[in-house]
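Below is one structure, written out as structure tokens; comments come after it.
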Amino acid sequence: MFTIATWNINSVRLREGLVARLLREESPDILCLQECKSPVEKIPMQAFRELGYTHIVARGQKGYNGVAILSRLPLEDAGDRDYAGLGHARHVAARLENGVTIHNFYVPAGGDIPDREQNIKFGQKLDFLTEMRDAFHADNPEKSILVGDLNIAPREDDVWSHKQLLKIVSHTPIEVEHLGAAQDAGKWVDITRKDIPEGLLYSWWSYRARDWDAADKGRRLDHVWATPDIANAAHGSRILRPVRGWEKPSDHVPVFATFDL
DNA sequence: ATGGTAGCAGGGCTA
């Protein structure tokens with residue numbers, strides 16, 4: 001049995017202390033980070049190693065993007081892919097000794113205007129998702145877990161107002177359609193919603209709100225998926241809302257799941 | 001309708 005968590009940390013160097021706190025207080029076996037905003041060699045690995053997370057697989061670049069997998073369980077680097085040819089550090093994979101593959105994704109946010117003619121970044125986001133679809137269609141993933149900041153809240157109850165967000169990037173029908181196509185191509189099961197099928201569920205609250213907690217205008221952008229052969233081993237999903245209230249927080253909170261494997 | 005905050009880098013870009 002192991003517990004896996006995903007967290008967009010918005011700078012792993014600035015928030016090294018918050019990562020250490022989560023590792024100490026919740027002790028996931030595996031923690032997948034996004035938006036590390038650091039070259040791999042500048043990730044504060046020693047601090048994480050001292051807490052028992054001695055197996056680290058990461059991809060990074062200066063200032064933007066960046067993904068890392070910190071693990072107490074042995075794992076090997078299983079490569080990365082430059083989806084949509086952006087040259088960004090937005091994906092890395094690792095394999096556990098039991099044969100389970102972990103994919104850690106940071107899907108592009110996509111800018112503000114939901115139109116690829118007016119906004120190149122929106123087109124790149126759709127292209128990234130289309131290449132995910134094609135890759136999963138070709139690979140037929142098995143014994144795999146996919147986590148990360150997918151930057152899309154697909155369901156009506158994944159946002160504070162479905163109606164008010166229909167034209168807001170992260171919840172537009174075309175994005176939801178593209179994400180669904182990628183999910184279907186890999187037969188991925190949404191583990192968080194398998195465990196918590198009903199009700200509002202958010203993993204992100206904007207920094208721009210005066211009072212994020214009172215306004216509660218959240219979105220579920222961070223996801224844990226698994227292939228059908230291991231999906232029934234998953235349970236105990238949690239979204240750690242209180243982490244948004246920690247000092248100098250990320251705008252995202254960790255999402256957890258446990259697998260009996 | 002607009003602007004609101006944050007990180008990196010040390011000006012604007014990205015979110």
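In what follows, chains are A, B, ... by sequence order, proteins preceding strands, each numbered from 1.
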Among residues 57-64 of chain A, which residues get a heavy atom nearer than 4.0 Å to DNA chain B?
->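 Residues of residues 57-64 of chain A under 4.0 Å from DNA chain B: K62(A), G63(A), Y64(A).
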May I ask you to list the residues of residues 157-175 of chain A, by number, that have any heavy atom positioned under 4.0 Å from an atom of DNA chain B?
->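 Within this stretch, nothing sits under 4.0 Å of the strand.
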May I ask you to list the residues sharing a hydrophobic cluster with [X], side-chain cutoff 4.5 Å, ordered by chain and number?
{"X": "L126(A)", "value": "F122(A), V169(A), I174(A)"}
{"X": "L221(A)", "value": "W204(A)"}
{"X": "I120(A)", "value": "none"}

Taking atom [atom1] in both [N] and [M], compute the distance separating them and give it to the nearest angstrom.
{"N": "dG7(B)", "M": "dG11(B)", "atom1": "C1'", "value": "14 Å"}
{"N": "dG10(B)", "M": "dA6(B)", "atom1": "C1'", "value": "16 Å"}
{"N": "dA9(B)", "M": "dT14(B)", "atom1": "P", "value": "15 Å"}
{"N": "dG3(B)", "M": "dA15(B)", "atom1": "C1'", "value": "15 Å"}

Of A109(A) and A209(A), whose nearest nucleotide on DNA chain B comes first from the 5' end?
->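 Taking each residue's closest nucleotide, the earlier one in sequence belongs to A209(A).
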Of Y106(A) and S206(A), whose nearest nucleotide on DNA chain B comes first from the 5' end?
->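 With Y106(A) and S206(A) compared, the 5'-side residue is S206(A).
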State which residues pass side-chain contact (heavy atoms from CB on, under 4.5 Å) with [X]; sequence neighbours excluded, sorted by chain then number.
{"X": "D213(A)", "value": "D211(A), R241(A)"}
{"X": "D134(A)", "value": "T130(A)"}
{"X": "K248(A)", "value": "L14(A), R15(A)"}

Using a heavy-atom cut-off of under 4.0 Å over every strand shown, decide if K217(A) touches base, sugar-phosphate, or nothing.
->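 Since no nucleic acid heavy atom lies under 4.0 Å of K217(A), the category is nothing.
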Select base, sugar-phosphate, or nothing to describe what R90(A) touches, counting heavy atoms under 4.0 Å on all strands.
->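 If one applies the 4.0 Å heavy-atom cut-off, R90(A) turns out to touch the sugar-phosphate alone, with no base involved.
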Sequence neighbours excluded and cut-off under 3.5 Å, please list the side-chain donor-acceptor pairs for residues 20-28 of chain A, or say none.
{"residue": "R21(A)", "atom": "NE", "partner": "E25(A)", "partner atom": "OE2", "Å": "2.9"}
{"residue": "E26(A)", "atom": "OE1", "partner": "R238(A)", "partner atom": "NH1", "Å": "3.4"}
{"residue": "E26(A)", "atom": "OE1", "partner": "R238(A)", "partner atom": "NH2", "Å": "2.9"}

Without hydrogens or angle criteria, can the side chains of S170(A) and R219(A) be said to hold a donor-acceptor pair below 3.5 Å?
->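 Judged by distance alone, the side chains do pair up.
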Is it true that the side chains of T3(A) and T258(A) contain a donor and an acceptor less than 3.5 Å apart?
->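 Side-chain D/A pair, T3(A) to T258(A): present.
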Got a sec, which pairs hit side chain to side chain donor-acceptor pair (under 3.5 Å) with one end in residues 79-96 of chain A, sequence neighbours left out?
->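 Sorted result for residues 79-96 of chain A: R59(A)-D80(A), N65(A)-R90(A), R81(A)-E131(A), H88(A)-R90(A), H91(A)-H103(A), R95(A)-T101(A).
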Excluding sequence neighbours, so at least two apart, what forms salt bridge (charged side-chain N to carboxylate O under 4.0 Å, His left out) with D260(A)?
->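 With sequence neighbours excluded, D260(A) shows a salt bridge (charged side-chain N to carboxylate O under 4.0 Å, His left out) to no residue whatsoever.
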Could you tell me from which nucleotide to which nucleotide of DNA chain B, 5' to 3', there is an atom under 4.0 Å from chain A heavy atoms?
->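 The protein-touched segment is dG4(B) to dA15(B).
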